[in-house]
Amino acid sequence: MRIATWNVNSVRQRLGHLLDFLKEAQPDALCLQEIKCVDADFPRREIEEAGWQVETHGQKTFNGVAILSRAKLEDVRRGLPGDDSDEQARYLEGVLPLGSGVVRLASIYLPNGNPPNTEKYPYKLGWMKRLAAHTRMLLAHEEPLVLAGDYNVIPEPRDARDPAAWVSDALFLPQTRSAFRDLINLGLTEALRATTDDAGLYTFWDYQAGAWQRNNGIRIDHLLLSPQAADRLDGVQIAKHVRGWDKPSDHVPVMVELRAA
DNA sequence: ATGACAACAAAATGTTGA
């Protein structure tokens, strides 16, 4: 089973790329972030005609997540629990068949948190705490679980071309990295780091200053696996070439392959 | 400290992102 995640930076702007990527990669499920539209404006028909089912958790203008899947997504949860006053659409979860069992899958758009001296940063850290609390509950099911998305976290210096440029940034501050480790330490496996120690593997290149041309990237899109999912891990791919397409998203898709057995 | 791009809402610039 192939599960992918991609921050598309507006699904309506990226519909052509999205259909091209689905056709090329043939994922069983694709988690989307930053769809930047309400549910009613999601280009559902075009995607369904291509053979994928659609669940959305949208929001006007900003944020918004979705899950596209070959099989119907069951037991759908919209929104991250733990704060009823949080109106930002950043979390969507559901269950898909995997072999004779199931996999639980979440599409995550973790807050950016910049600038750190504003209320945006405590919101990010609070959101990470809520994600950890919810994850602890999900892990108790002892089933395959994949938390996929744009975490807005650079885990380590090797995950940035120029780590010094990020030391005061909400994506790389010690507290951010510590909260990310706290999440991993619940018992999750970061898929890419389970397969390679290589530096220079990025998932985001800024639109500005020729970041793509200079390969000035960062790795902030991650798939975190429960033990039962990690046991099935068969490979991880970053679809780097997608950043070279015409009018691309600033993020590229990341995919994991899970054995069904 | 700032923001060269890009997207959005809107009608000119301002906000947000990473």
Side-chain angles (χ1 to χ4, degrees), chain A residues 5-18 21 31-43 56-66 86-91 107-128 131 148-180 192 200-222 238 240 242-254:
Chain A
T5 180
W6 190 13
N7 179 325
V8 287
N9 187 16
S10 170
V11 70
R12 289 178 293 180
Q13 288 295 319
R14 225 64 63 197
L15 180 58
H17 285 194
L18 177 56
F21 175 72
C31 298
L32 298 175
Q33 299 88 37
E34 283 208 87
I35 63 174
K36 292 189 171 179
C37 65
V38 295
D39 294 346
D41 291 335
F42 193 92
T56 59
H57 181 42
Q59 178 181 339
K60 184 182 164 77
T61 312
F62 303 119
N63 310 319
V65 288
D86 184 2
E87 294 180 350
Q88 301 189 28
R90 297 177 173 276
Y91 186 90
S107 181
I108 288 169
Y109 180 44
L110 204 146
N112 173 306
N114 280 309
N117 63 345
T118 66
E119 72 289 344
K120 289 172 186 289
Y121 193 55
Y123 173 68
K124 175 179 191 152
L125 293 177
W127 206 94
M128 294 179 84
L131 179 60
D150 175 1
Y151 281 76
N152 274 314
V153 173
I154 303 167
E156 299 180 87
R158 60 179 166 172
D159 298 312
R161 174 63 175 266
D162 182 11
W166 297 94
V167 290
S168 301
D169 193 285
L171 279 62
F172 194 55
L173 282 172
Q175 275 190 88
T176 304
R177 296 170 56 196
S178 174
F180 187 70
L192 186 107
L201 300 171
Y202 309 131
T203 64
F204 170 91
W205 295 260
D206 201 293
Y207 289 121
Q208 302 182 65
W212 167 244
Q213 288 75 12
R214 295 163 41 214
N215 194 28
N216 182 18
I218 52 178
R219 194 173 70 87
I220 56 175
D221 299 87
H222 310 296
I238 299 173
K240 183 176 180 179
V242 171
R243 187 62 178 78
W245 289 353
D246 188 45
K247 302 266 183 203
S249 169
D250 38 9
H251 297 249
V252 297
V254 186

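Proteins come first, then strands; the chains are lettered A, B, ... in the order of their sequence lines, and each starts at number 1.
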Quick one, A/His57 with A/Tyr91, criterion side chain to side chain contact (heavy atoms under 4.5 Å, CB included). Give me CA distance, side-chain angles, the key distance, then yes/no. CA-CA 7 Å; A/His57 181 42; A/Tyr91 186 90; 5.6 Å; no
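- Across the P atoms, B/dA18 and B/dA12 are found 29 Å apart, a figure rounded to whole Å.
- As rounded to the nearest Å, B/dA10 and B/dT16 have P atoms that lie 15 Å from one another.
- The phosphate of B/dA18 (OP1 or OP2) has a side-chain N or O of A/Asn152 nearer than 4.0 angstrom.
- To the nearest angstrom, P of B/dT16 lies 12 Å from CZ of A/Arg90.
- Open room surrounds CD on A/Glu87; 12 or fewer heavy atoms of other groups in view lie less than 6.0 Å from it.
- Atom NZ in A/Lys124 sits about 16 Å away from atom P in B/dT16, given to the nearest Å.
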Could you walk me through whether A/Arg90 and A/Phe62 pass the side chain to side chain contact (heavy atoms under 4.5 Å, CB included) check? CA-CA 10 Å; A/Arg90 297 177 173 276; A/Phe62 303 119; over 6 Å; no
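- We find that OH of A/Tyr121 is positioned 15 Å from P of B/dG17, with the value rounded to whole Å.
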Would you give a per-nucleotide map of nucleotides 2-12 of chain B, 5' to 3', where B means the base has a protein non-hydrogen atom under 4.0 Å away, S means only the sugar-phosphate does, and - means neither? -SBBSSSS---
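- Each of A/His17, A/Arg14, A/Arg243 was scored for a side chain to side chain contact (heavy atoms under 4.5 Å, CB included) with A/Ser249, with one residue passing: A/Arg14.
- Here A/Asp150 lies in heavy-atom contact (under 4.0 Å) with sugar-phosphate atoms only.
- Using C1' as the reference atom, B/dT15 and B/dA11 are 16 Å apart when rounded to the nearest Å.
- Between A/Gln33 and A/Ser107, the shortest heavy-atom distance links the atoms NE2-OG, 3.2 Å.
- Note: CZ (A/Arg243) to P (B/dA18) measures 13 Å, nearest angstrom.
- Proximity of A/Asn7 to the phosphate of B/dG17: no side-chain N or O atom is located under 4.0 Å from OP1 or OP2.
- Note: CD (A/Gln59) to P (B/dT16) measures 12 Å, nearest angstrom.
- A gap of 28 Å separates the P atoms of B/dA1 and B/dT13, to the nearest Å.
- As a whole-Å value, the separation of A/Glu119 CD from B/dT16 P is 9 Å.
- With rounding to whole Å, A/Trp166 atom CH2 is found 14 Å from B/dG17 atom P.
- For the residue pair A/Tyr121 and A/Thr176, a side-chain donor N or O sits within less than 3.5 Å of a side-chain acceptor on the partner.
- Among the protein residues, A/Tyr109 comes within range of the sugar-phosphate backbone only, with heavy atoms under 4.0 Å from sugar or phosphate atoms but none that close to a base.
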